[in-house]
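Beneath this line is the structure, given in structure tokens, with notes to follow.
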Amino acid sequence: MKFATWNVNSLNVRLPHVLDWLKAAQPDVLCLQETKQEDGKFPYTALKEAGYEAVHIGQKTYNGVAILSRHPLTNVQRNIPGFADDQQRVIAADIGDVRVVCAYIPNGQALDSEKYQYKLRWLDALHDWLKAELLAHPRLLLLGDYNIAPEDRDCHDPAAWVGQVLVSPPEREAFRQLIQLGLHDSFRLFDQPEKSFSWWDYRMAGFRRDLGMRIDHILVSDALRSRCAEAYIDKAPRKLERPSDHTPVVLQLIP
DNA sequence: ATGGCTTATTGTATAAGA
């Protein structure tokens, strides 16, 4: 079973890339973030023709998350229960014997921004919900755009990023709190190249100069750890014309 | 590196992303 996550920065613009990638990479499950469209515009038909059913929660302009799957999706949950949020950032479903949670964690903008406080509150709510979710579903995957580079090696220039979002100590602590729930960063279960990144800024020729960050992750619960077979970042879609600024992150799980 | 890009919007400049 191949699972992947990809922030597509507008599914309307990126649908051709998504369809091409589904065909080339053949994932069983693909979690999308930043679909940036209301559900009425979501391309259910095109995805169905490609062999994937989908569940989605979206809004105009911002946010929006979806799970695409070749296998039936059941027990679908939208948003974090009990957390009042007008931003559409979470969708979860059962696929096979696994609980799949797709999340678009807030960016935070800047440390002195209200959006940063929202990010930390949001991470707290996610943590508390996942704690309960793990009791009900021991086999759980949390895939998405975390907007957190967990360690300095996940940042192209840690010194230049001190004092900014994605790397601040409270964000990294929130990531560790998720790990404390009994989750593992699947990417780091395997040897990886140095400078492994999942996002590069559109500006400053960020991709060409490899000024990237690893902020998209797939966490696996204790019960799934021994089933992890391979984890990698597929940089190919980032090289296309008019790419998303993120590229897919992949985990292969033994059935 | 302090925004040089990209996206969406009842647009023609602004907000947001990361």
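Because the structure is a prediction, the values reported are computed rather than measured. Every chain is numbered from 1, with letters handed out A, B, ... down the list of sequences.
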A:E38 CD to B:dA8 C1', straight-line distance once rounded to whole Å: 12 Å
By nearest-nucleotide position on DNA chain B, the 5'-leaning member of A:L11 and A:V162 is A:V162
Distance, P atom - from B:dA18 to B:dT6, rounded to whole angstrom: 16 Å
Could you work out the separation of B:dG4 and B:dA13 based on their P atoms and round it to a whole Å? 16 Å
For A:P81, all residues meeting side chain to side chain contact (heavy atoms under 4.5 Å, CB included), sequence neighbours excluded: A:Q77, A:W129
Separation of the C1' atoms in B:dT12 and B:dA8, to the nearest angstrom: 14 Å
Determine the interatomic distance between C1' on B:dA15 and the same-named atom on B:dG11; round to the nearest Å. 12 Å
Given protein heavy atoms under 4.0 Å, the one-letter contact record of nucleotides 9-18 of chain B, with B base, S sugar-phosphate only and - none, is simply SS-----SBB
Using side chain to side chain contact (heavy atoms under 4.5 Å, CB included) as the criterion, list what pairs up with A:Q87, not counting sequence neighbours. A:Q59, A:N63, A:D85, A:R89, A:Y118
Quick one: does A:T5's side chain have a donor or acceptor within less than 3.5 Å of a partner on A:L143's backbone? no
Could you pick out which residue, A:A160 or A:N12, lies toward the 5' side of DNA chain B when each is mapped onto its nearest nucleotide? A:A160
Can you measure A:R209 atom CZ to B:dG4 atom C1' for me and round it to whole angstrom units? 10 Å
Looking for any heavy atom pair under 4.0 Å, which part of the strands does A:R14 touch: base, sugar-phosphate only, or nothing? sugar-phosphate
A:R139/A:D97 ion pair, N-O < 4.0 Å: yes
Are any of the side-chain nitrogens in A:E53 or A:K48 under 4.0 Å away from the carboxylate oxygens of its partner? no
Taking the basic N atoms (NZ, or NE/NH1/NH2) and the acidic carboxylate oxygens, is any pair closer than 4.0 Å for A:K41 and A:E38? no
Could you give the distance separating B:dT2 and B:dA16 at their P atoms, to the nearest angstrom? 22 Å
